[in-house]
Every structure is written in C-alpha cells, then in structure tokens.
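The structure under discussion is supplied below as structure tokens; questions concerning it will follow.
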Number of protein chains: 2
Amino acid sequence: MEETGKYKKGRQAPEPTLKRLPGYLYYLEQVREDGILNISAPTIGKDLSCDPTQVVKDLAFTGVKGKPRVGYNVYELIHSLEEYMGHNQVNEAFLIGAGNLGSALMAYQQEQALGLRIIAAFDIDKKKIGENIGGVHILEYSKLFSLSGRLNVKIAILTTPNQAAQEVAEDLINCGIKAIWNFTSVNLNLPEGIIVQNTSIGSYAAVLLRRLNDAGNNL
Amino acid sequence: MEETGKYKKGRQAPEPTLKRLPGYLYYLEQVREDGILNISAPTIGKDLSCDPTQVVKDLAFTGVKGKPRVGYNVYELIHSLEEYMGHNQVNEAFLIGAGNLGSALMAYQQEQALGLRIIAAFDIDKKKIGENIGGVHILEYSKLFSLSGRLNVKIAILTTPNQAAQEVAEDLINCGIKAIWNFTSVNLNLPEGIIVQNTSIGSYAAVLLRRLNDAGNNL
DNA sequence: CTTTAATAAAGAATTTATTCTTTATTTGTT
DNA sequence: AACAAATAAAGAATAAATTCTTTATTAAAG
C-alpha cells in the first residue's frame with residue numbers, strides 16, 4: 001500500500017484533528033446503537049455541523065478506508081478511531097490533587113471515555129487520604145515516590161492548587177512521568193521531551209463571554 | 001484615535017487569542033503580587049513560553065498601549081484584560097446538572113476566576129435538591145422556568161448527562177438563555193444566534209495520548 | 001451491460017494564524 | 001543635546017488549517 005498523500009495514514013495528525021476525534025467517536029457510538037451499519041462523511045458532517053471534507057480528512061488519519069456510494073463501516077470506523085486514540089491499550093495515570101476538579105475527573109473517568117485509567121490519586125490533605133472516589137483510592141502524596149518505582153506509569157493528571165504545580169511537576173518527572181495533563185494555570189517549566197497538555201477551562205469561558213459581548217447589541 | 005491596523009482595538013479577536021487571554025491574566029496577577037510595575041512583551045513571552053510578537057498582538061486587542069523601552073503598565077494591563085474579558089461586569093449563569101463536573105465547577109468558580117457567577121443550579125435528582133455547593137443552591141429543575149422569568153440570566157452551563165442535553169438546551173432557549181457552555185458530548189441543534197461553546201475535556205486527553213504514542217519509540 | 005448518482009480520495013485555493021522583519025518611539029547614557 | 005539600546009507597533013512573509021474543486025471508484029438503476 002502506497003502512502004504518499006498528505007492526509008494518508010502515517011502522517012501525524014494536526015492538533016485540531018486530534019481534538020475532533022473524541023466527538024466522532026461519541027457520535028459513532030450513538031449511530032451504532034441505532035443499528036446503522038454504514039455511514040457517509042456528508043451525513044456525519046451534517047449531524048456534527050462540520051465540513052464533510054474535513055470529516056474525510058480527519059478520519060483518514062486513523063487509516064480507515066471508506067467506499068464510494070456506501071461510506072464507512074461503522075464498526076470499522078469506531079475500531080479505527082479507538083486504536084488511533086490509544087483506547088485499546090491501557091493508559092494508566094496518576095492524579096495529583098484530589099480537590100474539586102480532581103474528584104470530578106475520578107468520578108468521571110468511567111462515564112466519559114477519556115481513554116485513560118486513573119489508578120491512584122495523591123493529596124497532602126489528611127482528611128482526603130483513604131477516601132475512594134470513582135474506584136480510585138486517595139493516597140498520601142509522599143507515597144507517590146515509592147509507588148511509581150514499582151508501577152510503570154507514564155501519565156499524570158495535575159489538579160493541584162496553582163502554587164504547588166511547578167514543584168509537583170518536577171517530582172513527577174523524577175518519578176518517571178513522561179506526560180502531564182496540566183489543569184492548573186501555571187506554565188510549567190520542565191525538561192525537553194516531557195509532554196505537557198495544558199487544559200484551561202477558563203479559556204472557554206473567555207471565548208463564550210467575549211462572543212456574547214460582541215453579539216451584545218442585537219440581543 | 002485612528003483604528004486602521006489589523007490588530008488594533010475594535011477588531012474582533014480570533015479564538016486562539018481569546019483562549020490565551022486568561023493565561024496572561026493569571027500570569028500578570030502573579031507579577032503584580034511581586035510588586036513589579038512594568039513588564040515587556042519579551043519578558044511575558046519568555047515566562048509563558050510563547051512568541052513575544054504574539055504577546056504584543058494578543059494584548060493589542062484589549063486596547064492597551066505599551067511604551068517602548070518600558071513595556072506595559074501591569075495594573076493597566078490587568079484592568080484592560082479584565083475589561084475586555086468582561087470580568088468587570090456581572091455575568092450571571094445558571095448551571096444545569098449538578099453531577100460531578102457541575103459540582104466541581106460550582107465549587108471552583110471562586111478560586112478560578114472564570115469571569116462568571118453561577119447564581120443557581122438545577123437538577124432532577126431529588127437527593128441533590130436543597131444542597132449548597134460553593135455557595136450555589138441546587139434547585140428542582142422545573143423551577144428553572146419560573147426563576148428565569150424573574151431574573152435576566154443569559155448564560156447557562158450544561159453539565160447534564162448526554163442523553164438529556166438536547167432537550168434541556170431547548171428548554172434553556174425558551175427561558176431566554178442566549179449562550180450555552182456545553183460540557184456534554186452532544187452536538188446541540190439550536191436556533192441561529194444562540195452562542196454554543198463546546199468544551200470537551202476528552203479532546204485534551206486525546207491530544208495527550210496521541211502525542212505520547214507518537215513519542216513512544218524514544219521513551 | 002451501460003449509465004447514473006453518490007461518495008471517498010486527492011489536490012488546489014483560500015483563509016487564518018503565527019512568525020519574521022522593519023519602523024518608529026522612548027528612555028537612559030555619554 | 002546627541003546617541004544608543006530596547007521595545008511596541010505595523011507590516012510582510014511564512015506556515016497551517018479549512019474549504020473548494022476535481023477525479024476516480026463503486027454500487028444501484030435501467
């Protein structure tokens with residue numbers, strides 16, 4: 001099989017594409033539940049309010065092949081997306097900071113398929129230690145070091161208060177963590193090669209508020 | 001004052017810019033706490049790991065003016081950002097669905113300056129009704145209709161289960177809501193003019209997992 | 001068996017966003 | 001007072017992402 005095209009399998013998908021993939025997956029699971037076997041890009045585009053050629057290009061990154069006049073096989077497509085997104089492998093993660101957001105993520109991980117499994121949470125608050133949220137035990141933060149020595153966890157979710165973020169992140173690197181999902185507002189300063197995924201919920205509020213104010217006149 | 005330039009005040013800021021603004025604001029609050037009075041774009045860029053000219057252009061959208069050789073006045077800059085982001089006005093919001101994420105947002109709204117104030121939460125779960133999380137009362141969902149008649153709330157945060165999302169969203173529109181911050185996985189189908197801000201936390205997980213897998217070989 | 005319509009796939013063009021370059025301004029220094 | 005250095009601001013160039021256009025493939029209809 002030749003792989004020359006710009007959007008063919010093998011090329012690295014751009015970030016906007018990656019961010020759209022979970023949306024396709026959720027949608028396709030609904031479609032599958034409805035007993036639909038094949039679906040076309042134009043249909044997906046219409047249902048998700050996006051450009052059909054973008055759907056084609058996004059899905060092409062997963063390596064799936066569609067058939068003219070028929071569309072994509074829904075099962076194949078779901079499988080292809082899950083594989084590309086790494087959902088078929090176990091992605092174990094630590095969570096640091098079992099506050100509001102941390103707890104929500106723990107309770108959340110089953111319902112919403114995030115594609116990763118939080119296997120332990122850590123906090124310094126004695127009152128929280130020993131608790132179990134969404135099947136995840138909250139452990140004393142100092143246990144992180146011994147536990148990470150035995151387990152081979154590469155991903156950490158950082159939901160600490162801002163002032164603790166940088167220090168905790170450095171600890172995490174020392175524990176062998178390679179990717180940090182950072183929910184704090186802090187710009188983490190870490191060695192080259194560490195993957196940091198900043199996720200600021202406030203960014204979305206900013207877009208919403210600004211758009212509302214821009215529209216303001218005609219309400 | 002002439003406003004001809006592409007990045008001058010008055011033009012609508014692009015979404016990537018809007019998403020970066022909360023990051024600047026948090027950073028500048030730290031800078032202010034350190035007693036620093038002026039700051040330059042190159043310094044901001046270095047600290048936030050981004051291009052200094054991008055900093056200049058992003059900040060220009062708020063209408064703030066900097067001085068060569070000096071930089072921006074920190075107070076002015078913070079004020080300008082807050083005004084542009086609508087933080088100086090009261091942005092009241094309803095929250096629908098007081099589950100894990102909804103509760104987290106309620107508890108969260110003080111610490112993290114989201115720029116909006118949740119004034120009431122609604123749920124259909126009898127066990128949750130009457131609870132108070134982060135100063136927000138959880139009310140019976142049916143109360144939404146009478147309450148929205150008296151108050152003039154334009155923003156709603158949608159944190160219901162997916163299957164309820166579309167129906168609740170339609171109710172919200174009937175209650176006069178103009179902007180929905182949608183945390184569900186559902187692509188809402190709503191009348192023209194309604195602002196929908198989709199916020200899928202899973203999108204970030206997808207980017208993180210893919211980047212980790214792409215780097216996979218050299219770990 | 002031929003034709004037609006739908007669609008994936010590939011490529012081109014457009015638009016948008018980022019980065020680079022130049023200019024002009026301002027403060028500190030000689 | 002003139003000069004030099006730093007920096008905001010504006011504009012140009014580059015890069016990236018999206019949308020549009022064309023092509024080729026496939027299944028259904030006649």
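Within every chain, numbering begins at 1; the chains are lettered A, B, ... in the order of the sequence lines, protein sequences first and strands thereafter.
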Handout entry: Phosphate-side-chain proximity, A/R20 and D/dT18, N/O vs OP1/OP2 below 4.0 Å
Key =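 Looking at the OP1 and OP2 atoms of D/dT18, one of them is under 4.0 Å from a side-chain N or O of A/R20.
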Problem - Residue pairs involving residues 44-53 of chain A (criterion side chain to side chain donor-acceptor pair (under 3.5 Å); sequence neighbours excluded) - result: A/Y27-A/D47, A/S49-B/N187, A/D51-A/T53
Listed pairs under 3.5 Å, donor-acceptor, residues 91-105 of chain B side chains, sequence neighbours left out:
from	atom 1	to	atom 2	distance (Å)
B/N91	OD1	B/Q89	NE2	3.2
B/N91	ND2	B/G86	O	2.8
B/N91	ND2	B/Q89	O	3.4
B/N91	ND2	B/G115	O	2.9
B/N100	ND2	A/E111	OE2	3.2
B/S103	OG	B/A98	O	3.2
B/S103	OG	B/G99	O	2.6

Completion exercise
From CG of A/N73 across to C1' of C/dT7 the rounded distance in Å is 16 Å
Handout entry: B/I124, CD1: over 12 other non-hydrogen atoms inside 6.0 angstrom
Key = no
Please tabulate, one pair per line, each protein N/O and nucleotide N/O from nucleotides 2-5 of chain C that are separated by under 3.5 Å, including the distance.
from	atom 1	to	atom 2	distance (Å)
C/dA5	N3	A/R69	NH1	2.8

Fill in the blank from the handout: Rounded to whole Å, the CG-C1' distance (B/D58 to D/dA8) equals 14 Å
Practice task
Return the 5'-most residue of the pair A/P68, A/P16 with respect to DNA chain D, ranking by each residue's nearest nucleotide.
Solution key: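 Its nearest nucleotide lies further toward 5', so the answer is A/P16.
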Exercise for the section: Could you check how far NZ of B/K65 sits from C1' of D/dT7, rounded to whole Å? Expected result: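 One finds 15 Å between C1' of D/dT7 and NZ of B/K65, rounded.
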Practice task
Write down the distance between CD (B/Q54) and C1' (C/dT21), rounded to a whole number of angstrom.
Solution key: 17 Å
Exercise for the section: Could you tell me the separation between the OH atom of B/Y72 and the C1' atom of C/dT26, rounded to a whole number of Å? Expected result: 14 Å
Problem - d(CG, A/L59; P, C/dA10) in whole Å - result: 14 Å
Practice task
Please report how far the helix from C/dC1-D/dG30 to C/dT30-D/dA1 bends, comparing the axis fitted to its first five pairs with the axis fitted to its last five, to the nearest 10 degrees.
Solution key: 0°
Practice task
Using a cut-off of strictly less than 4.0 Å between a heavy atom of the residue and any atom of DNA chain D, enumerate the qualifying residues of residues 36-53 of chain A by number.
Solution key: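 Per residue number, the list reads A/D51, A/T53.
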Handout entry: Sequence neighbours excluded, every pair satisfying salt bridge (charged side-chain N to carboxylate O under 4.0 Å, His left out) that has a member inside residues 16-39 of chain B
Key =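 Qualifying pairs: B/E15-B/K19, B/R20-B/D58.
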Exercise for the section: Give the rounded distance in Å between these two atoms: NZ of A/K57 and P of C/dA10. Expected result: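 Taking NZ of A/K57 and P of C/dA10, I get 10 Å after rounding.
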Handout entry: Inter-residue atom distance A/I118.CD1 - A/I157.CD1, 0.5 Å rounding
Key =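 Those atoms lie 4.0 Å apart.
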Exercise for the section: List the atom of B/G23, the atom of B/L48, and the distance in Å for their closest heavy-atom pair. Expected result: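 Closest approach of B/G23 to B/L48, heavy atoms only: O-CD1, 4.4 Å.
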